[in-house]
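Taking it in order: structure first as structure tokens, then the write-up.
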There are 2 protein chains.
Amino acid sequence: MLNAARPCCAILSTMRNVDALDARILLALDADPRATTVALADRLGLARNTVQARLKRLEEGGQLREHSRRVAPEALGYPLLALVTMSISQRVGQSTREAILRIPEVVELLFTTGDGDLLARVVARDTEDLHRITNLLLEAPGVVRSNTTIVLLEVQPFSVRSLLERHAGP
Amino acid sequence: MLNAARPCCAILSTMRNVDALDARILLALDADPRATTVALADRLGLARNTVQARLKRLEEGGQLREHSRRVAPEALGYPLLALVTMSISQRVGQSTREAILRIPEVVELLFTTGDGDLLARVVARDTEDLHRITNLLLEAPGVVRSNTTIVLLEVQPFSVRSLLERHAGP
DNA sequence: GCCGCATTGAGCATTCTGCTCATAATTCCT
DNA sequence: AGGAATTATGAGCAGAATGCTCAATGCGGC
């Protein structure tokens with residue numbers, strides 16, 4: 001898991017983009033994730049073989065990410081969501097990120113521009129739990145400053161449906 | 001889609017938490033998202049009926065979110081990822097969030113504590129595209145200030161696998 | 001016009017699903 | 001400990017889906 005890091009753009013070269021048909025299939029899957037290939041083909045007016053081949057390509061081609069993306073952290077007992085920006089003092093080696101990624105409550109970790117160098121998305125059981133986790137973060141080698149922002153409301157949880165809809169065409 | 005907003009905690013009351021067995025099933029699904037129920041049952045040493053019932057409950061109980069969470073925006077032609085924090089001047093009504101959510105490139109929208117009131121996760125085709133989108137955001141009613149941070153590297157893309165592993169027990 | 005690529009339709013053996021029911025095994029409550 | 005409720009298991013069965021192959025049919029680029 002520690003070497004899951006990847007530059008945002010390097011993928012583009014290897015990764016074949018999804019076209020309008022792929023987008024339509026993914027949207028149909030969005031409406032009913034457990035739909036069978038046949039059901040999707042019916043709904044979209046496509047041949048079963050087409051949907052089957054497309055889906056296989058999407059899964060094998062890396063356009064689809066891991067399934068745990070769909071699991072709601074609340075359901076695991078972590079109703080609190082926070083964003084922690086951190087500044088790194090020294091040249092950041094593997095050690096810093098490894099230390100941070102060893103914390104299970106860190107569900108996402110990004111290098112960013114701007115005032116902070118690192119942004120961690122953290123889930124917690126409650127505020128006390130969050131305090132414990134931010135302390136853990138500050139103990140990671142090279143982390144000199146941290147700033148915690150609590151998420152009050154997920155107005156729109158992560159979703160690329162709007163992009164898919166645009167991609168799917170009219 | 002506009003009314004997908006939900007308080008972080010209200011769910012907990014309705015939502016039955018996933019237990020260790022659920023977590024193991026979800027982890028197995030993570031390893032092979034297209035695995036059949038029978039295959040999962042075999043791998044986990046469970047009865048087919050058990051896995052079938054559990055999965056049905058997870059899907060129907062809201063513990064699993066939409067499928068498009070798994071789609072990589074890069075594959076749709078949006079290699080750039082940015083975080084835009086915004087300050088809201090007036091009492092923010094529906095109009096502000098609706099205006100923002102009408103922008104397809106906004107893939108996530110959060111109300112937060114701290115210096116900004118709103119945080120938008122935005123994907124873009126390139127920096128010029130990002131500039132266009134941030135201007136769109138500033139045109140939304142009530143948005144007075146914005147601060148854009150570019151994501152340089154996704155060290156760890158969103159994943160709750162570590163939480164699942166802890167939940168699954170030893 | 002020709003070639004490569006994707007879609008389509010068909011067929012077939014195997015596997016899976018959805019469903020029900022009855023029987024253990026667990027957990028929870030008193 | 002006793003008993004009840006929930007959960008897991010095993011079996012069975014008709015119908016449906018899958019994985020696979022092959023041949024035919026578009027469709028765009030050169």
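Within every chain, numbering begins at 1; the chains are lettered A, B, ... in the order of the sequence lines, protein sequences first and strands thereafter. Remember, it's a predicted structure, so these values are computed and weren't measured experimentally. Only this structure's heavy atoms are used, side chains among them; waters, hydrogens and symmetry mates stay out.
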- Message: Any residue in residues 24-46 of chain A with a heavy atom nearer than 4.0 angstrom to DNA chain D? Just list them by number, or reply none.
- Response: Thr36(A), Thr37(A), Val38(A)
- Backbone N or O of Gly77(A) within a donor-acceptor pair of the Arg125(A) side chain at under 3.5 Å? yes
- Query: Taking the side chain of Arg48(B) as heavy atoms from C-beta outward, which of dT7(C), dT9(D), dC13(D) is closest to it?
  - Reply: dC13(D)
- Message: I need the CD-P distance between Glu59(A) and dT18(D), as an integer number of Å.
- Response: 13 Å
- Query: How long is the line joining CG of Leu21(A) and P of dC5(C), in whole Å?
  - Reply: 18 Å
- Item | Test side chain to side chain donor-acceptor pair (under 3.5 Å) applied to Asp129(A) - qualifying residues, sequence neighbours left out | Arg132(A)
- Query: Can you tell me if Thr50(A) uses its side chain to pair, donor with acceptor, with the backbone of Leu46(A) under 3.5 Å?
  - Reply: no
What are the atom names and distances for every N/O pair under 3.5 Å that joins the protein to nucleotides 27-30 of chain D?
none

- Task: Calculate, to the nearest 0.5 Å, the distance between atoms CD and CD belonging to Glu108(B) and Glu154(A) respectively.
- Result: 6.5 Å
- Message: If you compare every side-chain N and O of Gln52(A) against the phosphate oxygens of dT18(D) (OP1, OP2), does one of them come in below 4.0 Å?
- Response: no
- Would you mind telling me which of Leu58(A), Val18(A), Leu29(A), Leu64(A) makes a side chain to side chain contact (heavy atoms under 4.5 Å, CB included) with Val71(B)? Leu64(A)
- Item | Along DNA chain C (nearest heavy atom to each residue), the more 5'-positioned of Lys56(B) and Asp19(A) | Asp19(A)
- Item | Whether over 12 other heavy atoms sit under 6.0 Å from Asp126(A) CG | yes
- Message: For the backbone of Pro141(A) and the side chain of Thr96(A), can you confirm whether one donor and one acceptor N or O come within less than 3.5 Å of each other?
- Response: yes
Measure all distances between protein nitrogen or oxygen atoms and nitrogen or oxygen atoms of nucleotides 20-22 of chain C, and list the pairs falling under 3.5 Å.
| unit_1 | atom_1 | unit_2 | atom_2 | d |
| --- | --- | --- | --- | --- |
| dT20(C) | O4 | Asn49(B) | ND2 | 3.4 |

- Message: Just checking Arg166(A): does its CZ atom have more than 12 heavy atoms from other residues, nucleotides or ligands closer to it than 6.0 angstrom?
- Response: yes
- Query: Does Arg70(A) use its side chain to pair, donor to acceptor, with the backbone of Arg65(B) at less than 3.5 Å?
  - Reply: yes
- Message: Looking at Asp32(B), I'd like to know if its CG atom is crowded, meaning that more than 12 non-hydrogen atoms belonging to other residues, nucleotides or ligands lie closer than 6.0 Å.
- Response: yes
- Item | d(CD, Glu60(B); P, dG18(C)) in whole Å | 11 Å
- Axial bend angle, the helix from dG1(C)-dC30(D) to dT30(C)-dA1(D): five-pair end segments, nearest 10°: 60°
- Query: What distance do Asn135(B) atom CG and Ser146(B) atom OG have between them, rounded to the nearest 0.5 Å?
  - Reply: 8.5 Å
- Please walk me through it: do Ser159(A) and Glu66(B) pass side-chain hydrogen bond (donor to acceptor under 3.5 Å, both in side chains)? CA-CA 8 Å; Ser159(A) 167; Glu66(B) 58 185 19; 2.4 Å; yes
- Message: The criterion is side chain to side chain donor-acceptor pair (under 3.5 Å); which residues satisfy it with Asp30(A), sequence neighbours excluded?
- Response: Arg161(A)
